[in-house]
Amino acid sequence: MNPKRLFQTTAVTFLAAIAFFNVRASAADRLDEWMRIVPEQTTVALAMKNIPEIKADVEGSSFMKFWDNAEVQAWTKPMREGAGFLSKFQEKSGMTVEEALAPYTGACLFVLTMTSFDDFKTQPGIGALSEIDPAKADEFAKHKAKERAAKIKDAPALKEQTEEIAGVTLNILADPDDKDGAWVDAWAIVGDVAIEGNARWIMEHFIGALKENAGKDTTTSQHVKRIAAMTEGTTDVLLYVNGERIWTAVDEAVEKQAAGSPPGAMPFNPKDILNALGLKEFEALGFSFDLTKGNLRADFAILHPEHPAGLVNLFRGTSTEINLPAFIPADVDGAAVTRQGLANVWDLLMGMIQKMGPMAMMVPMQLTQMEQGLGFSIRNDLLGSLGDEIISAEQYAGFDENGAPKANQVVGFSIKDKAKFESSIAALAKFAGQGFAALEESDLLGHKMYSIKKPGNGPEISFVVADSYFFFSMGDIALLRKLLNQT
């Protein structure tokens, strides 16, 4: 079975559904019910609540204005036409994206399941639940027939067959000679819900759960409830990733690899690295999107234990009180503020390294030697003299010679001890100039600016120590000049 073929329709559907669905509204309660019947093996889920509202909001969004811009149309022409994914989708399915999605007239939930990485490579389990109009079940069947005709044209060995499961007709498309007995897809209808999947067990699971109304709390439903509490309710679109399932599969893969390696073959025990990074503390991830005309609210939620000790801490920051500084120019295309102390990040990383075993202790030893050559402490003098406010600003600057969009970017780090930081930067610049980078010194609005000669056609890189911020610029310095003018 070719996994690539399994994803050709599904992957595009996942992405396109957000922007192109043309169906009626559906209550969030239906999604809540479905979350209670998903398989325990669910690793990724994509849920969409009110499709007509999403479609209307997307059509009125800034993204669609950007997408319809003449310059953007020229840049994305290969994607829209010819060899682009939209054209390939139509070629493979025999329909446009909107035609392919037309029968789905309500809420939609896609799930991707995984028991192990080996199983995932062979045939990842895919399932979907979608509300349809039961009075138009025949139209749905005709739609699936057209979709399958395109698949059979591409792979003539595929055959259609039907089976009965719990009194429900199951329509299957598969290669009868496939040694694994894998299905390309299957579909069935229970009431006003269309069930689709690529494996018998998925179809049996959903058919039985819907017929018996057998909902119960699952790992997925519990995670989604916690994410909803953090994002102030069920959102228009939710992309959910089950970290617990992923780390279980990672553990199995690591044990398998270690069992096949001779003693001492690896300088670091992979499990020690995973434990040091605290990756298992990422219990789940949630990317949620709420759309209204002209606006988009996006939330990124991480579920973790109460007292994490690993990489999760990098996402927590030092404060939830954030205000965009008044000196950010009004004409920038994007700006953001983060509260994170870089000295704290350094401590966290050093703590992780110490957990990786004796071999890893060479890293802090080498850093100590490097600091002796620099003449300052990276943690105490360089990072420790910075505050916890990090700002960024971005301004688009047309397109490059390849038609890709360009942008000028500036990142600023607040300073709490300018004298100590400036001394550290001067020493670092002197060290970098000894063959590591070609630095140029110049004056910008009364501040010393260091610039790195750009390799080839790469962006110019510059940095400046101002009174209250350390600014790092990529691209034309016009944006950096604006920020310095207003600080």
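V254 meets the side chain to side chain contact (heavy atoms under 4.5 Å, CB included) test with V250, P270, K271, L274; sequence neighbours excluded. The ring pair (Phe, Tyr, Trp, His ring centres under 6.0 Å) search around Y450 returns F463, not counting sequence neighbours. Under the side chain to side chain contact (heavy atoms under 4.5 Å, CB included) criterion, N323 pairs with no residue, sequence neighbours left out. Considering only residues two or more places apart in sequence or on other chains, D118 meets the salt bridge (Lys or Arg N to Asp or Glu O under 4.0 Å) condition with K256. In terms of the side chain to side chain contact (heavy atoms under 4.5 Å, CB included) criterion, residue partners of S319 (sequence neighbours excluded) are, by chain and number, E321, R339. With sequence neighbours excluded, the residues that form a salt bridge (Lys or Arg N to Asp or Glu O under 4.0 Å) with E232 are R297. Remark: D417 pairs with no residue by the salt bridge (Lys or Arg N to Asp or Glu O under 4.0 Å) rule, at least two apart or across chains. Judged as a side-chain hydrogen bond (donor to acceptor under 3.5 Å, both in side chains), and not counting sequence neighbours, the contacts of K482 are D331.
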Show me the donor-acceptor pairs within less than 3.5 Å that the side chains of residues 221-228 make with the rest of the protein, sequence neighbours left out.
{"residue": "S221", "atom": "OG", "partner": "T218", "partner atom": "N", "Å": "2.8"}
{"residue": "S221", "atom": "OG", "partner": "T218", "partner atom": "O", "Å": "3.0"}
{"residue": "S221", "atom": "OG", "partner": "T218", "partner atom": "OG1", "Å": "3.3"}
{"residue": "H223", "atom": "ND1", "partner": "Y240", "partner atom": "OH", "Å": "2.8"}
{"residue": "H223", "atom": "NE2", "partner": "E244", "partner atom": "OE2", "Å": "3.2"}
{"residue": "K225", "atom": "NZ", "partner": "D217", "partner atom": "OD1", "Å": "3.3"}
{"residue": "R226", "atom": "NH1", "partner": "E283", "partner atom": "OE1", "Å": "3.2"}

Would you list the atom pairs, donor with acceptor, under 3.5 Å between side chains in residues 359-371 and any protein atom, with sequence neighbours excluded?
{"residue": "T368", "atom": "OG1", "partner": "P364", "partner atom": "O", "Å": "2.9"}
{"residue": "E371", "atom": "OE2", "partner": "I378", "partner atom": "N", "Å": "2.9"}

Exercise answer: donor-acceptor pairs, residues 302-316 side-chain atoms, under 3.5 Å, sequence neighbours excluded:
{"residue": "N313", "atom": "OD1", "partner": "R316", "partner atom": "NH1", "Å": "3.4"}
{"residue": "N313", "atom": "ND2", "partner": "P308", "partner atom": "O", "Å": "3.1"}

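Between F413 and Y469, the gap from one ring centroid to the other reaches at least 6.0 Å.
The ring pair (Phe, Tyr, Trp, His ring centres under 6.0 Å) contacts involving residues 350-388 comprise nothing, where partners must be two or more places apart or lie in separate chains.
In summary, the side chains of D388 and T318 do present a donor paired with an acceptor at a separation below 3.5 Å, with no hydrogens or angles considered.
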